[in-house]
Amino acid sequence: MRYSIRGPRRGPALLATAVALATAAACSGGSAAGPSGSPSAPSPGPATSAPTSAQPSPTPTPTRTYPLSSAPRTVPAVRAHEPARGPGWKPAPTGGVVIAANSGGLADEGKLIAGELGIPYRGAAAPGPGDVELALGGTGAPESYTLAVQGGRVRISGPDEAGVFYGTRTLKQSVKATGAMPEGTVNDRPAKPQRGLNVDTARKHFTAAWIEDRIREMGDLKLNQLGLHFSDDQGFRIESDSHPEVVSAQHLTKAEVRRILALAAERHVTVVPEIDSPGHLGAVIAAHPDLQLRSATGRAPRGAVDIANPESARIVDDLLREYAQLFPGAYWHLGADEYVALMAKDPEATYPALARAAKAKYGPSARVQDLATGWLNDRAAVVRPTGKTLKAWNDGFFTGGVVNAAKDLEVEYWTGKEIGARSPVSYLSQGRKMVNLNDEYLYYVLGEPNDFTYPTGRRIYEQWTPLVVRGTGPVPAKYDPQILGARFAVWCDLANSQTPAQVAAGIRLPLAALSQKVWNPTKPTESWDRFRTLAERVR
């Protein structure tokens, strides 16, 4: 921080004694700087013709001046900062966190940031010197906020609690990075409404404490979605009342899930549960072998239920209804990917029982893909009355059939490598909304099977954007509004390849890079090395 001291103007000749001159020189340091930091005009010397009755000019108190502030150092970077001149703000014992009038819903945010900064939380009170004030109000976009530092105080305001919370994350990170929050005003908001992490807890059990640590990390990075893929061939990992027989020995209790959900709500993270079907149901089939799909030759593909069997739908619907009540969030993931019957070269010949069921239900032109699409629509109908937004993987959507997937399903695009996989534009051109889980950049697959390699934060930071949905090429920019965001995904195909601690360490920088790219749409100005150093410092 630069300071300059304004020297006193010298008075008439009769008062310009040697002592006065020496004092003036000591105060001015030879030259003074004005508020802009530029040198001021030199003070006049002794005036030989000045009247003897003149009085000396008052000597002002020396003042400090400051250079224009720089934007705070945070991950993700703030989108706009209006610089100002001033000392900024630092936590001090005399300051605290207060809540503005009509903003009582911000108590959790206030207590959290007060504890993190080591200053007292004083609740509803007028702000005083050194205080941080949180306030609801304004007409900005959802999750937006304004953070103003002036007069030794901080004021964070936003139209919703999430925005104010993100403002506290900016304050926390800036203090961790540099010890202070710079003078000026931040106006910030996310580029994408869905930003997050997907975790495969079915193939590998993760404890509630591990998941809670990820939620804290996500909140600090302004990520707002945690996908839980908790049912697959290898395990079913949440306690069930309707079908306890399908639950694996290692699982989360409902009490643990509620604890996770409470923390997620505090950090403005929505948990998106997924019961994948009609594939990836091996744990359910293990308890109900009569649901197993079989080919014409008697082959039993792992994890695939017989969707022509009404009992398959009954059990899956029981589970959907049960967990839709457990998870209060706004989203539900229906899965629908990699149903083995549709990966056969000739599904109708390989699975003739499914072909007959399709024709019986949807007419003589119907095929196995129509029966699968009908299954997806029927499961959507079970969850839809809860008001949740419904999602399905991109390879669960088919064209050219007599049955089409419900129009309100969001496409979660992960791959273009599966048989018959379509390009992202084929969905976007139909008006579908999409979330990006590009397996080229955003898939962390334990053990690196099937040519997967662990993604790096640097590659995401330097090469990927939300428009890069498949492979390495972007979709046309005109589709940007339909791409609602992105999630980084952990898949535990070879579950013992890494410990939970290794997974957490391996995804830390990729998550930081993702947060930058879904929050701020402009090309990063920082080099990867500087960004990485900052991400390490503020975590």
Side-chain angles (χ1 to χ4, degrees), residues 69-84 86 88-91 95 97-100 103 106 108-119 127 130-138 140-150 152-192 195 216-224 266-269 511-522 524-526 530-531 533-539:
S69 60
S70 299
R73 299 272 291 153
T74 62
V75 176
V78 302
R79 295 182 64 175
H81 176 253
E82 181 181 342
W89 181 89
K90 294 180 179 180
V97 176
V98 300
I99 306 298
S103 302
L106 296 174
D108 286 345
E109 288 77 11
K111 292 173 184 176
L112 177 64
I113 188 63
E116 291 168 332
L117 296 175
I119 58 179
D131 279 352
V132 176
E133 182 184 29
L134 307 184
L136 287 173
E143 300 182 293
S144 66
Y145 69 93
T146 297
L147 190 161
V149 180
Q150 186 178 25
R153 299 176 184 171
V154 178
R155 178 179 168 86
I156 303 173
S157 61
D160 56 27
E161 293 173 11
V164 176
F165 171 71
Y166 294 140
T168 68
R169 301 305 87 194
T170 293
L171 177 62
K172 173 189 174 182
Q173 286 198 12
S174 181
V175 170
K176 288 192 74 171
T178 65
M181 183 71 202
E183 200 85 4
T185 302
V186 169
N187 287 292
D188 206 9
R189 61 184 175 85
K192 296 297 181 182
R195 315 174 300 278
R216 295 184 184 96
E217 182 178 2
M218 292 170 63
D220 283 354
L221 292 172
K222 303 183 175 77
L223 300 174
N224 66 357
E266 178 187 308
R267 303 304 172 100
H268 297 277
V269 173
L511 269 184
L514 174 79
S515 77
Q516 174 66 37
K517 305 304 276 290
V518 291
W519 185 271
N520 193 327
T522 61
T525 57
E526 297 272 27
R530 283 177 58 82
F531 178 87
T533 299
L534 177 62
E536 296 280 8
R537 185 179 304 158
V538 302
R539 65 183 294 254

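Any value given below was found using the heavy atoms of this structure, including those in side chains, with hydrogens, waters and symmetry copies removed. Everything quoted here is computed from the prediction, not taken from an experiment.
When all heavy atoms are compared, the tightest approach of Leu221 to Ser515 is O-CB, 3.4 Å. Here the closest heavy-atom approach between residue Tyr145 and residue Val164 is recorded as CB-N, 4.4 Å. Ile99 and Gly110 make their closest contact through CD1-CA, 4.4 Å (heavy atoms, listed as atom of the first residue, atom of the second, distance). The two residues Pro182 and Ala71 make their nearest non-hydrogen contact at CG-C, 4.2 Å. Nearest heavy atoms, Ala135 versus Ala100: CB-CB, 3.6 Å.
Side-chain atoms of Lys222 never come within 3.5 Å of backbone atoms of Pro190 as a donor-acceptor pair (strictly under, hydrogens ignored). A donor-acceptor pair is defined here as one N or O able to donate and one able to accept, closer than 3.5 Å; such a pair exists between the side chain of Ser103 and the backbone of Leu136. Between the side chain of Ser144 and the backbone N or O of Arg189 there is no donor-acceptor pair closer than 3.5 Å. Checking side-chain atoms of Ser174 against main-chain N and O of Pro72 turns up no donor-acceptor pair under 3.5 Å. Within the 3.5 Å criterion, the main-chain N or O of Ala148 finds no donor-acceptor partner in the side chain of Thr185. The backbone N or O of Gly130 sits less than 3.5 Å from a side-chain atom of Trp89, completing a donor-acceptor pair.
In this structure, Ile113 CD1 and Leu171 CG are separated by 5.0 Å, a value rounded to the nearest 0.5 Å. Between the CG atom in Leu223 and the CZ atom in Arg195 there is a gap of 7.0 Å [rounded to 0.5 Å]. In this structure, the separation between OG1 on Thr525 and CZ on Arg530 is 8.5 Å, given to the nearest 0.5 Å. Here the straight-line distance linking atom CD1 of Ile119 with atom CG of Asp131 works out to 7.5 Å at 0.5 Å rounding. Annotation: the span from Thr170 atom OG1 to Ile156 atom CD1 amounts to 7.5 Å, rounded to 0.5 Å. Atom-to-atom distance recorded for Thr168:OG1 and Leu112:CG is 6.0 Å, nearest 0.5 angstrom.
The residues Arg169 and Glu116 are annotated as salt-bridged, a charged nitrogen and a carboxylate oxygen being separated by less than 4.0 angstrom.
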Side chain to side chain donor-acceptor pair (under 3.5 Å), that's the test. Do Asn187 and Glu82 meet it? Break it down for me. CA-CA 8 Å; Asn187 287 292; Glu82 181 181 342; 5.4 Å; no
Assess the residue pair Arg539 and Glu217 against the criterion (side-chain contact (heavy atoms from CB on, under 4.5 Å)); give the C-alpha distance rounded to whole Å, side-chain angles, the decisive distance to 0.1 Å, and a yes or no. CA-CA 7 Å; Arg539 65 183 294 254; Glu217 182 178 2; 5.7 Å; no
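No side-chain heavy atom of Lys90 sits less than 4.5 Å from a side-chain heavy atom of Val175. Looking at Phe165 and Leu134, their side chains never come closer than 4.5 Å, going by heavy atoms from C-beta outward. Side-chain contact between His81 and Ser70 is absent, with no heavy atoms from C-beta onward closer than 4.5 Å.
Screening residues 153-168 for salt bridge (charged side-chain N to carboxylate O under 4.0 Å, His left out), with sequence neighbours left out, gives Glu133-Arg155.
Other residues, nucleotides and ligands place no more than 12 heavy atoms under 6.0 Å from the CD atom of Gln150.
Gln173 and Asp220 form no side-chain donor-acceptor contact under 3.5 Å, judged by distance and modelled atom types alone. Side-chain atoms of Lys172 and Thr74 form no donor-acceptor pair, as typed in the model, at a separation below 3.5 Å. A donor-acceptor contact closer than 3.5 angstrom links the side chains of His268 and Glu109.
In this structure Arg73 satisfies the salt bridge (charged side-chain N to carboxylate O under 4.0 Å, His left out) test together with Glu526, sequence neighbours excluded.
Classification of the Tyr166-Trp519 ring pair by plane angle, with boundaries at 30° and 60°, yields perpendicular.
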